[in-house]
Novice: 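Mind looking over this structure? Questions follow.
These numbers come from a predicted model, not from an experiment.
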Amino acid sequence: LKIDWCSHDAAKYAVLNWHYSKCLPVGKLVKIGVWENNKFIGCVLFGRGANKSLGSPFDLDQTEVCELVRIALNNHATPVSRIIRIAINFLKKSNKGIKLIVSFADSEQGHHGGVYQATNWVYSGATKSADEYLYKGKRWHGRAFRKSKGSHLKYIDKGLKIVKGSTKHRYIMPMNKNIALIPGI
């Protein structure tokens, strides 16, 4: 096993080929590559996430919290929990101001957060489901649709359907012992 920084192109390849979303998040990312037997097998990506208020419940600003936004791996022998643990150590060394990592397990994808449980993350509840859009056979998160096409209202007469999105299990990983695990404490 080798864990090291990877290029944008390598991260994009991994996400497009080995992650269910087939979508590389926008914005600045910490891109950590994974190799086994000298072969690139994927990446772990950290970023700001889609919610600018991600750290607010923990009294942290946007520069003190990040989201583990993708784990994109091809066939591998190493447990994902070990890969995540080493990737977090890389993140700590390069981003000393990060106090909390947040990640989500999408129940609609059959994910329950087992990799987070195996690495001692703290379960902090489920998110509320948000409306999503079904348009021309493609399912869109509301924010992604609006960014790509503008207001959804002008597409309702063109076949757009509003569907209930999935809930996601939220897990947190404090980077130091001074983080209040229960929001507001």
Side-chain angles (χ1 to χ4, degrees), residues 1-51 54-55 62-124 126-127 132 137-141 143-144 147-148 165-176:
L1 175 69
K2 178 184 173 188
I3 306 274
D4 204 347
W5 309 116
C6 71
S7 69
H8 177 84
D9 288 342
K12 185 175 182 178
Y13 179 85
V15 169
L16 292 177
N17 288 281
W18 304 320
H19 191 267
Y20 69 88
S21 72
K22 307 291 183 209
C23 176
L24 185 70
V26 297
K28 188 173 181 173
L29 298 170
V30 174
K31 301 172 285 292
I32 300 169
V34 184
W35 290 261
E36 284 183 338
N37 300 318
N38 296 318
K39 182 179 177 186
F40 179 71
I41 60 154
C43 66
V44 177
L45 304 177
F46 297 92
R48 293 232 170 141
N51 181 353
L54 191 64
Q62 200 173 18
T63 64
E64 298 174 307
V65 64
C66 71
E67 184 179 329
L68 192 167
V69 292
R70 296 287 185 274
I71 302 169
L73 299 170
N74 194 7
N75 297 330
H76 53 91
T78 306
V80 177
S81 57
R82 181 170 182 223
I83 293 168
I84 291 172
R85 176 60 56 205
I86 297 169
I88 288 172
N89 287 335
F90 264 69
L91 177 73
K92 276 191 211 180
K93 289 177 187 174
S94 67
N95 296 273
K96 301 208 183 280
I98 297 293
K99 295 179 179 177
L100 182 73
I101 304 170
V102 179
S103 196
F104 299 91
D106 190 342
S107 58
E108 189 170 274
Q109 296 297 320
H111 299 167
H112 66 280
V115 295
Y116 305 119
Q117 295 165 18
T119 49
N120 295 320
W121 291 56
V122 177
Y123 182 71
S124 73
T127 63
E132 294 181 355
K138 182 177 177 184
R139 191 170 180 149
W140 294 75
H141 183 279
R143 193 177 307 112
K147 184 175 182 177
S148 175
S166 62
T167 59
K168 294 173 179 54
H169 300 286
R170 184 187 316 102
Y171 288 87
I172 59 174
M173 173 57 75
M175 294 290 97
N176 64 50

Novice: Is the shortest heavy-atom distance from the side chain of Leu68 to the side chain of Val102 under 4.5 Å?
Specialist: no
Novice: Could you give the side-chain donor-acceptor pairs of residues 71-91 under 3.5 Å, partners two or more places apart or in another chain?
Specialist:
from: His76; atom 1: ND1; to: Thr78; atom 2: O; distance (Å): 2.8
from: Thr78; atom 1: OG1; to: Glu36; atom 2: OE2; distance (Å): 2.6
from: Arg85; atom 1: NH2; to: Thr119; atom 2: O; distance (Å): 2.7

Novice: Is it the case that more than 12 heavy atoms not belonging to Tyr13 sit under 6.0 Å from its OH atom?
Specialist: no
Novice: So, does Arg170 use its side chain to make a donor-acceptor pair with the main chain of Ser124 at under 3.5 Å?
Specialist: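 Indeed, once roles are kept as given, a pair shorter than 3.5 Å links the two residues.
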Novice: If you define the side chain from C-beta out and look only at heavy atoms, does anything of Leu24 sit under 4.5 Å from His8?
Specialist: yes
Novice: Please list, chain by chain and in numerical order, all residues satisfying side chain to side chain contact (heavy atoms under 4.5 Å, CB included) with Arg48, sequence neighbours excluded.
Specialist: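 In terms of side chain to side chain contact (heavy atoms under 4.5 Å, CB included), with neighbours along the sequence ignored, Arg48 is linked to Gln62, Thr63.
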Novice: With side chain to side chain contact (heavy atoms under 4.5 Å, CB included) as the test, would you mind laying out the steps for Ile98 and Val65 before giving the verdict?
Specialist: CA-CA 5 Å; Ile98 297 293; Val65 64; over 6 Å; no
Novice: How about His169 and Tyr123: do any of their side-chain heavy atoms sit closer than 4.5 Å?
Specialist: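 Yes; the side chains approach each other to less than 4.5 Å.
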Novice: Can you confirm if the aromatic rings of Tyr116 and Trp121 lie within a centre distance of less than 6.0 Å?
Specialist: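 Yes: the rings meet the under 6.0 Å criterion.
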Novice: Between Cys66 and Phe46, which heavy-atom pair has the shortest distance, and what is it?
Specialist: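 Smallest heavy-atom distance, with atoms named: SG-CD2, 4.1 Å.
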Novice: Is there a side-chain contact between Leu1 and Trp35, using heavy atoms and a 4.5 Å cut-off?
Specialist: no
Novice: If we only count heavy atoms from C-beta on, is the Ile101 to Met175 side-chain gap below 4.5 Å?
Specialist: yes
Novice: Between Arg70 and Cys23, is there a donor-acceptor pair closer than 3.5 Å when you use the side chain of the first and the backbone of the second?
Specialist: yes
Novice: Holding to salt bridge (Lys or Arg N to Asp or Glu O under 4.0 Å), I want the full list of residues that pass it with Glu64, two or more places apart in sequence or in another chain.
Specialist: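 For Glu64, the residues satisfying salt bridge (Lys or Arg N to Asp or Glu O under 4.0 Å) (neighbours in sequence not counted) are Lys99.
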Novice: Please determine whether the number of non-hydrogen atoms from other residues, nucleotides or ligands lying under 6.0 Å from atom CG of Asp4 exceeds 12.
Specialist: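 More than 12 within 6.0 Å, yes.
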Novice: State whether the number of non-hydrogen atoms from other residues, nucleotides or ligands found under 6.0 Å of Lys22 atom NZ is greater than 12.
Specialist: yes
Novice: Is the shortest heavy-atom distance from the side chain of Cys43 to the side chain of Lys31 under 4.5 Å?
Specialist: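 A side-chain contact under 4.5 Å is absent here.
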Novice: Does the side chain of Ile32 come within less than 4.5 Å of Ile3's, by heavy atoms?
Specialist: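 Side-chain contact under 4.5 Å: yes.
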